[in-house]
Protein chains: 2
Amino acid sequence: MAAIRVALVNDYEVVVRGLEAMLRTYVDRIQVVELDASRDVARSVDIAMYDTFAGQQGDREEIRQLISNPRVSKVVVYSWNLQPDLVRGALHNGAAGYLSKSLPAGELVAALEAVHVGDEQVVPHDPHPGKVITGDWPGREEGLTPREAEVLALITQGLNNQEIADRTRLSINSVKTYIRGAYRRIGVTTRTNAVLWGVEHGFHPDRARMRPRE
Amino acid sequence: MAAIRVALVNDYEVVVRGLEAMLRTYVDRIQVVELDASRDVARSVDIAMYDTFAGQQGDREEIRQLISNPRVSKVVVYSWNLQPDLVRGALHNGAAGYLSKSLPAGELVAALEAVHVGDEQVVPHDPHPGKVITGDWPGREEGLTPREAEVLALITQGLNNQEIADRTRLSINSVKTYIRGAYRRIGVTTRTNAVLWGVEHGFHPDRARMRPRE
DNA sequence: CCAAGTCTCACCCTTCGGGGTGAGGATGTG
DNA sequence: CACATCCTCACCCCGAAGGGTGAGACTTGG
């Protein structure tokens, strides 16, 4: 059987590197062909792994968009956050599975294969139940609210305020409000320094991405 | 003999990591007590290693300032660029030595010790003569001029235009001119994306710096 | 010598970012 | 319930960033 082609959408360097390392020994079964945080999936893939950012509302819409993408066969959510209502919501919106980031490599590969061949929705049980609820998203320790962390992450990806507003479906005024709050908490006053803070705290997506092998 | 205390001033992550690794096996003879790109030397050191940025004019002044710093006993230049006039200029301005970045660890340590104990100016011969002239500074391949690369590096360190002007002793208008040029060449239109470009191309100094051991 | 490129600076203009304030609604905790 | 904390948005203001143009001085290579 040919290897399953997987894209990782919307994630941070920490995760990207981890996934890359985890799947390196399974290249014959899984190929991560695209890693990109800022753009859509460009080449056709069997499964798109979507990283929901701290379970924001905007995710629902993004998941739907991914599913309607003709280049994507199936979409799974790949997240730390396993709260039941989030899982239900994602599956209800058409996700083919909901995979925990705490899954070891073997189980992750198995789950992806199950998603690929089967019609059932795949939700492996959490190997560390109740363990990863805290430390949910980068910046939690600094007291960033989920929204603040989200806009910070988007800033670290190089978006301007209007683009952030579009992406999050917020008004630009709200975006500014969150940015102000985030700056106060992380102790910066300029966007430049916010970006640097983000880079140093794992918000930086892998832009120098893996070159896909055809 | 107590270990020589060394500070590395004004350098990029690539170099910082390299130096750290190189000197790790010589901790009993050399201690790198401070690594910082943006600030002055804070604690007293025996030798400050100064990285001249592509041999800019501003360097002369900065070297003089370092030498006049009461917390710094001696200053050496640590650079890829070994052009004779630059070496002469640095030594003339009071540098106690001019060390090539292509020096292997052993010779580097020896050179630093020679600087520390002796009165002579130490200029080890280049182990790779004529080899490292190109690839001089990050961004050379992209066609950035030295000045453009310099302001980009300062942007990547979080400075605003006025601070860059102060640091480089340029007018703020010139700074803006170089920034425009740099943006054009690297293909960005915002400071945020310039910072991200810089981070991905080795301009990012080690801000999470080594904690000095007393 | 001329052309190209760089370095330096000034002036103008527009947009964007950053900060302050106020305010309503939702949610959750003592 | 009262209080705190978010989330959301609007309005105003100012300074910084970004972009265009022009121009003189200097260096270097053909």
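Numbered from 1 within each chain, the chains take letters A, B, ... in sequence-line order.
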Using heavy atoms to find the nearest nucleotide of DNA chain D for A:Y178 and A:I172 separately, return the residue whose nucleotide is more 5′.
A:Y178
Could I get the full list of side chain to side chain donor-acceptor pair (under 3.5 Å) partners for [X], not counting sequence neighbours?
X	result
A:Q162	A:D166
A:S73	none
B:N160	none
B:S171	B:S174

At 4.0 Å (heavy atoms only), tell me whether [X] reaches a base, stays on the sugar-phosphate, or touches nothing.
X	value
B:Y183	sugar-phosphate
A:N173	base
B:L170	sugar-phosphate

Partners of A:I67 by side-chain contact (heavy atoms from CB on, under 4.5 Å), sequence neighbours excluded?
A:I63, A:V75
Quick one: list whatever passes side-chain contact (heavy atoms from CB on, under 4.5 Å) with A:R184, sequence neighbours left out.
A:R180
Separation of [N] [atom2] from [X] [atom1] (nearest whole Å):
X	N	atom1	atom2	value
A:I179	D:dC9	CD1	C1'	15 Å
B:Q162	D:dA16	CD	C1'	11 Å
B:N160	C:dG18	CG	C1'	13 Å
B:R191	D:dA16	CZ	C1'	8 Å

Nucleotide nearest A:R147 when distance is taken to its side chain, options C:dT8, D:dC7, D:dC9:
D:dC7
Considering only D:dG18, D:dC9, D:dA17, which nucleotide approaches the side chain of A:S171 most closely?
D:dC9
So, is B:S174 close to the C:dT8 phosphate, meaning a side-chain N or O under 4.0 Å from OP1 or OP2?
no
With a 4.0 Å limit, can you tell me whether A:N161 has a side-chain N or O closer than that to the phosphate oxygens OP1/OP2 of C:dC16?
no
Atom pairs, N/O to N/O, protein against nucleotides 24-30 of chain C, distance under 3.5 Å?
none

A:E148 side chain to A:T145 backbone, donor-acceptor under 3.5 Å:
yes
Give me the distances for all protein-to-nucleotides 21-28 of chain D N/O pairs that come in under 3.5 Å?
from   : atom 1 : to     : atom 2 : distance (Å)
D:dT21 : O4     : B:R180 : NH2    : 3.3

For the helix from C:dC1-D:dG30 to C:dG30-D:dC1, measure the angle between the helix axis at one end and the axis at the other, each built from five pairs, rounding to 10°.
50°
Give me, pair by pair, the N or O atoms of the protein and of nucleotides 13-15 of chain D that are less than 3.5 Å apart, along with how far apart they are.
none

